[in-house]
Amino acid sequence: MATHHTLHPWDMSPAEAVALQQELRELIQIQPLTQPATTIAGCDISFNKFEETVYAGIVVLRLDTLETIEEVGVVSTATFPYVPGLLTFREGPALLAAWEQLKIEPDVVMFDGHGIAHPRRMGIAAHMGLWLHRPTFGCGKSVLAGRFEEPAPTRGSWEPMIHRSATVGAALRTKDKVNPVFISPGYLIDLPGALDLTLRCHGGYRLPEPTRRAHLLVNALRREHLAPS
DNA sequence: GCGACAG
DNA sequence: ATCTTGTCGC
């Protein structure tokens with residue numbers, strides 16, 4: 001099964017988490033993929049409002065056929081609250097637990113959230129890349145940091161996301177006339193590479209298949225947990 | 001000081 | 001994120 005080494009503890013205050021992100025940002029490497037990817041994983045979390053139980057899931061698919069080749073789900077407990085900019089501290093631990101259950105080691109990982117399109121360049125995709133030692137990028141449904149111009153209405157059109165004079169991601173139209181998604185590299189991949197993979201994962205919906213299937217998986221896991229059959 | 005603020 | 005049905009537009 002997939003493994004990872006301990007990078008840092010998770011039990012800390014929001015202020016300490018911010019300080020840790022400032023240290024970790026120095027480790028981020030944005031560069032073209034060094035190996036062509038064959039498999040891609042999508043990660044997501046689901047939970048009931050006001051409850052601490054979280055359902056984390058990862059779906060692995062082949063990039064050429066978009067066929068699902070593995071999926072794992074775990075039930076865990078979140079201790080950290082949701083704080084904009086500190087999402088990793090709430091969802092990261094559960095996702096790592098799910099990762100440990102994988103038999104396949106995905107070539108690249110897509111997250112529901114941002115990579116370096118973050119106030120401190122340490123969105124969940126960037127942060128998890130450091131833990132997984134693997135190319136990662138984020139596909140968010142809304143913006144956390146940065147500004148952008150509206151991309152043309154046709155699928156494939158995109159406009160850069162600018163934050164403090166730097167291009168940190170892109171607003172990408174994954175389907176004609178639907179709101180764009182926000183793609184940003186996290187680790188060991190660059191923006192062109194992340195955009196290419198996202199478009200290759202099109203299954204007819206606004207959200208790319210890895211993240212979309214992971215979302216369906218964790219919601220199913222949560223509901224069967226409430227109503228066991 | 002005020003507004004913004006991934007999931 | 002989650003709670004939820006129908007409905008307007010392409």
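Residue numbering restarts at 1 for every chain, and letters A, B, ... go by the order of the sequence lines.
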- Message: To the closest 0.5 Å, what do you measure between CG (A/Leu27) and NE2 (A/His127)?
- Response: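 These two atoms lie 10.0 Å from each other.
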- Using a cut-off of 6.0 Å, state whether more than 12 heavy atoms not belonging to A/Asp11 lie near its atom CG.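 Not more than 12 within 6.0 Å, no.
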- Query: Should we count CD of A/Gln35 as having more than 12 external heavy atoms under 6.0 Å?
  - Reply: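 It does not: A/Gln35 CD has 12 such atoms or fewer within range.
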State whether [X] places a side-chain N or O below 4.0 Å from either non-bridging phosphate oxygen (OP1 or OP2) of [N].
X	N	answer
A/Arg222	C/dC3	yes
A/Lys141	B/dA6	no
A/Asn219	C/dT2	yes
A/Ser142	B/dG7	yes
A/His127	B/dA6	no

- Item | Any A/Arg173 side-chain heavy atom under 4.5 Å of A/Glu150 side chain |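 When only atoms from C-beta onward are counted, A/Glu150 and A/Arg173 do touch, with a gap below 4.5 Å.
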- Message: Side chains of A/Glu52 and A/Thr79, heavy atoms from C-beta outward: is any pair under 4.5 Å?
- Response: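 With C-beta onward as the side chain, the pair stays apart.
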Could you state the atom-to-atom distance from [atom1] of [X] to [atom2] of [N] in whole Å?
X	N	atom1	atom2	value
A/Glu91	C/dT2	CD	C1'	13 Å
A/Asp112	C/dT2	CG	C1'	14 Å
A/Met122	B/dC5	CE	P	22 Å
A/His163	B/dA6	NE2	P	14 Å
A/Glu51	C/dA1	CD	C1'	13 Å
A/Phe148	B/dA6	CZ	C1'	14 Å
A/Ile124	B/dG7	CD1	C1'	8 Å
A/Met161	B/dA6	CE	P	11 Å

- Kindly point out which of C/dA1, B/dA6, C/dC3 is positioned nearest to the side chain of A/Asn48?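 For the A/Asn48 side chain, the nearest candidate turns out to be C/dC3.
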- Message: Nearest to the side chain of A/Asp44, heavy atoms from C-beta on, is which of C/dC3, B/dG7, B/dA6?
- Response: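 The closest nucleotide is B/dG7.
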- Less than 4.0 Å between a side-chain N and a carboxylate O, is that true for A/Asp44 and A/Arg213?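 No.
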- Item | A/Glu149 with A/Arg147: basic N within carboxylate O range, under 4.0 Å |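 Result for this pair is yes, salt bridge flagged.
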Quick one: label [X] by what it contacts on the DNA or RNA (base, sugar-phosphate, nothing), any heavy atom closer than 4.0 Å.
X	result
A/Leu95	nothing
A/Asp176	nothing
A/Gly85	base

- Message: Under a 3.5 Å cutoff, is there a donor and acceptor pairing between the side chains of A/Asn179 and A/Arg206?
- Response: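 No donor-acceptor contact under 3.5 Å links the two side chains.
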When you compare the protein's N or O atoms with those of nucleotides 5-10 of chain C, which come within less than 3.5 Å of each other, and at what distance?
{"from": "C/dC10", "atom 1": "O3'", "to": "A/Lys177", "atom 2": "NZ", "distance (Å)": "3.1"}

- Message: What does the 5'-to-3' dot-bracket notation of DNA chain C look like when only Watson-Crick and G-U wobble pairs under 3.5 Å count, and pairs to other strands show as |?
- Response: ..........
- Task: Start with the C-alpha gap between A/Trp10 and A/His8, add the side-chain angles, then the distance that decides, and say whether ring pair (Phe, Tyr, Trp, His ring centres under 6.0 Å) holds.
- Result: CA-CA 7 Å; A/Trp10 291 103; A/His8 61 73; 4.6 Å; yes
- Query: Between A/Tyr82 and B/dG7, do the rings stack, that is, sit under 5.5 Å apart with planes less than 30° off each other?
  - Reply: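 Whether judged by distance or by angle, A/Tyr82 passes, so it stacks on the base of B/dG7.
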- Query: In the hydrophobic clustering that connects Ile, Leu, Val, Met, Phe, Trp and Tyr at side-chain heavy-atom distances below 4.5 Å, which members other than A/Leu197 occupy its cluster, ordered by chain and number?
  - Reply: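 Listed partners: A/Leu33, A/Ile40, A/Val59, A/Leu61, A/Leu63, A/Leu66, A/Val108, A/Met110, A/Phe137, A/Trp158, A/Leu172, A/Val181, A/Ile183, A/Ile189, A/Leu191, A/Leu195, A/Leu199, A/Leu207, A/Leu217.
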